[in-house]
Protein chains: 2
Amino acid sequence: MATVDLKRLAKELNLAVSTVSRALRDSYEISAETKQRVFELARKLNYVPNPYASSLRKHKSKTIAVVIPEIANNFFALAINGIESIAQEKGYHVLIYLTHEQYARELSISRHLQSGRVDGLLVSLSGETNNYDHLQELKQTGVPIVFFDRICESLNSARVITNDFESGMKAADHLIERGCRRIAYLSISHNLSIANKRMDGYIRAHEKHGLPFDPKLVLQCSANDNDGNYKAILNLLKKKNRPDGIFASVEKLAILSYQACDELKLRIPEDVKVLGFSNLETAAWLNPSLTTITQPAFEIGKEAAALLFKTIEKKSMNFSEEKLVLNSTLIVRNSTK
Amino acid sequence: MATVDLKRLAKELNLAVSTVSRALRDSYEISAETKQRVFELARKLNYVPNPYASSLRKHKSKTIAVVIPEIANNFFALAINGIESIAQEKGYHVLIYLTHEQYARELSISRHLQSGRVDGLLVSLSGETNNYDHLQELKQTGVPIVFFDRICESLNSARVITNDFESGMKAADHLIERGCRRIAYLSISHNLSIANKRMDGYIRAHEKHGLPFDPKLVLQCSANDNDGNYKAILNLLKKKNRPDGIFASVEKLAILSYQACDELKLRIPEDVKVLGFSNLETAAWLNPSLTTITQPAFEIGKEAAALLFKTIEKKSMNFSEEKLVLNSTLIVRNSTK
DNA sequence: CTGTTAGCGCATTCAC
DNA sequence: GTGAATGCGCTAACAG
């Protein structure tokens, strides 16, 4: 099946390639009649423009990249859903890159993306990342970047986040009000702003309630060592002076906490109250004692994408530095306990 | 920042563009010394080849598309994880397209993909799709397609699936052996082979056990009408002669079943035993009565991607029609009941 | 071993 | 209104 391109259309219509090109782009300089003829033949022959030729010519790819630490995670899956919905609306294509929480991969992906392959990036940092030069460079090349959730504080870039401090405080408040006095905080990574801000909120809640805050109860977990994290949680719960509450900064750690309690025959919430960030919306009902802080992941994705497209289309090199803060929600199913 | 391209490198090195090009591609015809010089300058100037120029020239994009019904779903998220891991290994880029279970979107995406934007496709059909011309056409354009999970039976294309008949049978066996006599089957779509094969297994299990199979217990759900499905399940459970077991063909329906039981104050598993396909591995422990059939989603993704790359690289127009069948696993946590 | 030439398919000058 | 010519950045055929 011969590939049908502009030349082919032009020949069949006895027109110049440029005329056909303009007609297809609905240029005002082309007569209605000619446009008609061109459109018809194009549809008939099922003409689809070669995106690479056009990208090469226009230095625009109509493509964005989403760079995230992992995908088997409800938060990121929902965020992609939001991103894709806006992208589809705007006629953009979406490339997915996973860093697997590794700085090295994030670096290599960033370098690749200097090629002009994409018109913009949506980034959520890896847990290992604590140097942002690669993104700084990329941005200076002229590629707009919008961070979402796991943002880069030191880079003055557009971002979409949630009210992490407030929800961290609300989470700790909740546990304290239910009687917890020794609440462990499980941080996903000391590099990540989300983990730190949520912790700040947790500390603030202690102050508010006039409770001492014991730094020993903060567990710095590793973004990509589940087994290690699990063991650390087990150890924490085995101590004679074990916590009576756990606040997990991310879903993965909340689940590990549940598993650890299960293994140690600790009852939730009687022996230990567990509360965590999570987007397991659909599964939340599976266990009524699952109390969660849920982020509006879908909306975050949509807002971040919208912000990116706005920046891309503005076309000026002074990128937007807009910041958007959405609110998370505390979801308590078992309020009778 | 002036964009650094081959011309720029060539000029600075007093070489021809083609020489630089060949040096960078590590061609055997270039002297080691020249290569050295080229590599060095390229690294120094941070040269990154323009992928679109190269794609245009070579008619190869080093990009594949993944077309799936949804992403906020553990099965597909894990599959993408597998796909991306192989793609990254092979130096391919991954475009994501969501059909949202809608035929119209699948169609429009397929048409777009006739443009040569991708070297190959990984497809899992939408629940609405019952006409496969769009994929047939695409394939005839020369784009290899590998189906995974939700395959197209009538198209003779490569595919990676699980042993749906056997696992459907095993699921029903399990319920029957636990005493169920009226097992409802919740089909995700009568268009989808997975739903139909799983049902065939379920029927076969009834035959094996000498039990009658009541077609009234088969609920044909809709792939994209959660509310409708929920109501239908409620109705089913409200009947005087309600089922004592539910076999859900996909995770979403299993979860709705749980919710419906919750609303009707039916205890699981005492009043109704619920079993469903699901990849909520991490959450399974949340509720010990959650019995699932789990597909090796990550491996399916990996195998499908590997198969696609094999086909792409074979380069012949006689595409592979290889079929791969992986096994699902029945996971029972609460075996004491 | 290296340089010259000629496109890939399209969009944009500039002519007429 | 339309056509002819040019080049986006890269690779490949052909020289030498």
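We name chains A, B, ... by the order of the sequence lines, and we start the count at 1 in each one. Both backbone and side-chain heavy atoms feed into the values below; hydrogens, waters and symmetry mates do not.
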### Task
May I ask you to say what Ser55(A) touches in the nucleic acid, namely base, sugar-phosphate or nothing, with a heavy-atom cut-off under 4.0 Å?
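Counting heavy atoms under 4.0 Å across all strands, no contact is made by Ser55(A).
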### Message
Any salt bridge linking Lys302(B) with Glu89(B)? Criterion: basic side-chain nitrogen under 4.0 Å from a carboxylate oxygen.
### Response
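Salt bridge absent between Lys302(B) and Glu89(B).
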### Task
Taking only Lys NZ, Arg NE, NH1 and NH2, and the carboxylate oxygens of Asp or Glu, determine whether Arg8(B) and Glu12(B) approach each other closer than 4.0 Å.
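Counted as a salt bridge, because a side-chain N and a carboxylate O are separated by less than 4.0 Å.
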How close or far is atom [atom2] of [N] from atom [atom1] of [X], stated in whole angstroms?
{"X": "Lys7(B)", "N": "dT4(C)", "atom1": "NZ", "atom2": "C1'", "answer": "15 Å"}
{"X": "Asn50(A)", "N": "dG9(C)", "atom1": "CG", "atom2": "P", "answer": "7 Å"}
{"X": "Tyr28(A)", "N": "dG1(D)", "atom1": "OH", "atom2": "C1'", "answer": "11 Å"}
{"X": "Lys11(A)", "N": "dG3(D)", "atom1": "NZ", "atom2": "P", "answer": "15 Å"}
{"X": "Lys35(B)", "N": "dT2(C)", "atom1": "NZ", "atom2": "P", "answer": "10 Å"}
{"X": "His59(B)", "N": "dC10(C)", "atom1": "NE2", "atom2": "C1'", "answer": "13 Å"}
{"X": "Asn14(B)", "N": "dG3(C)", "atom1": "CG", "atom2": "P", "answer": "9 Å"}
{"X": "Gln36(A)", "N": "dG1(D)", "atom1": "CD", "atom2": "P", "answer": "16 Å"}

### Query
Around Glu29(B), counting heavy atoms of other residues, nucleotides and ligands shown, do more than 12 lie under 6.0 Å from its CD?
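Result for CD/Glu29(B): enclosed.
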### Task
Look at atom NZ of Lys323(A) and say whether more than 12 heavy atoms of other residues, nucleotides or ligands are closer to it than 6.0 Å.
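More than 12 heavy atoms, drawn from other residues, nucleotides or ligands, come within 6.0 Å of this atom.
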### Query
Passes side-chain contact (heavy atoms from CB on, under 4.5 Å), His100(A) versus Glu128(A)? Steps please.
CA-CA 10 Å; His100(A) 299 280; Glu128(A) 279 183 11; over 6 Å; no
### Task
Begin with the C-alpha distance, continue with both residues' side-chain angles, and end with the deciding distance and a verdict on side-chain contact (heavy atoms from CB on, under 4.5 Å) for Arg111(B) and Val48(A).
CA-CA 8 Å; Arg111(B) 295 233 187 289; Val48(A) 188; 6.0 Å; no
## Note on the structure
Nucleotide by nucleotide, nucleotides 11-16 of chain C touches protein heavy atoms under 4.0 Å in the pattern (B base, S sugar-phosphate only, - none) BBBB--
### Message
Heavy-atom nearest nucleotide on DNA chain C for Leu56(B) versus Thr34(B): which residue maps closer to 5'?
### Response
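It is Thr34(B) whose nearest nucleotide is closer to the 5' end.
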### Message
Over the length of the helix from dC1(C)-dG16(D) to dC16(C)-dG1(D), how much do the five-pair end axes diverge, rounded to 10 degrees?
### Response
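Inter-axis angle at the ends, rounded: 40°.
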### Task
Classify the ring geometry between Tyr97(A) and His93(B) as parallel (under 30°), tilted (30 to 60°) or perpendicular (over 60°).
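Perpendicular: the ring planes of Tyr97(A) and His93(B) meet at over 60°.
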### Query
Between the main-chain N or O of Ser61(A) and the side-chain N or O of Thr63(A), is there a donor-acceptor pair closer than 3.5 Å?
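Yes; judged by distance alone, with no hydrogens or angles, the pair exists.
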### Query
Taking it one step at a time, do Arg22(A) and Ser18(A) satisfy side chain to side chain donor-acceptor pair (under 3.5 Å)?
CA-CA 6 Å; Arg22(A) 275 175 290 211; Ser18(A) 57; 3.1 Å; yes
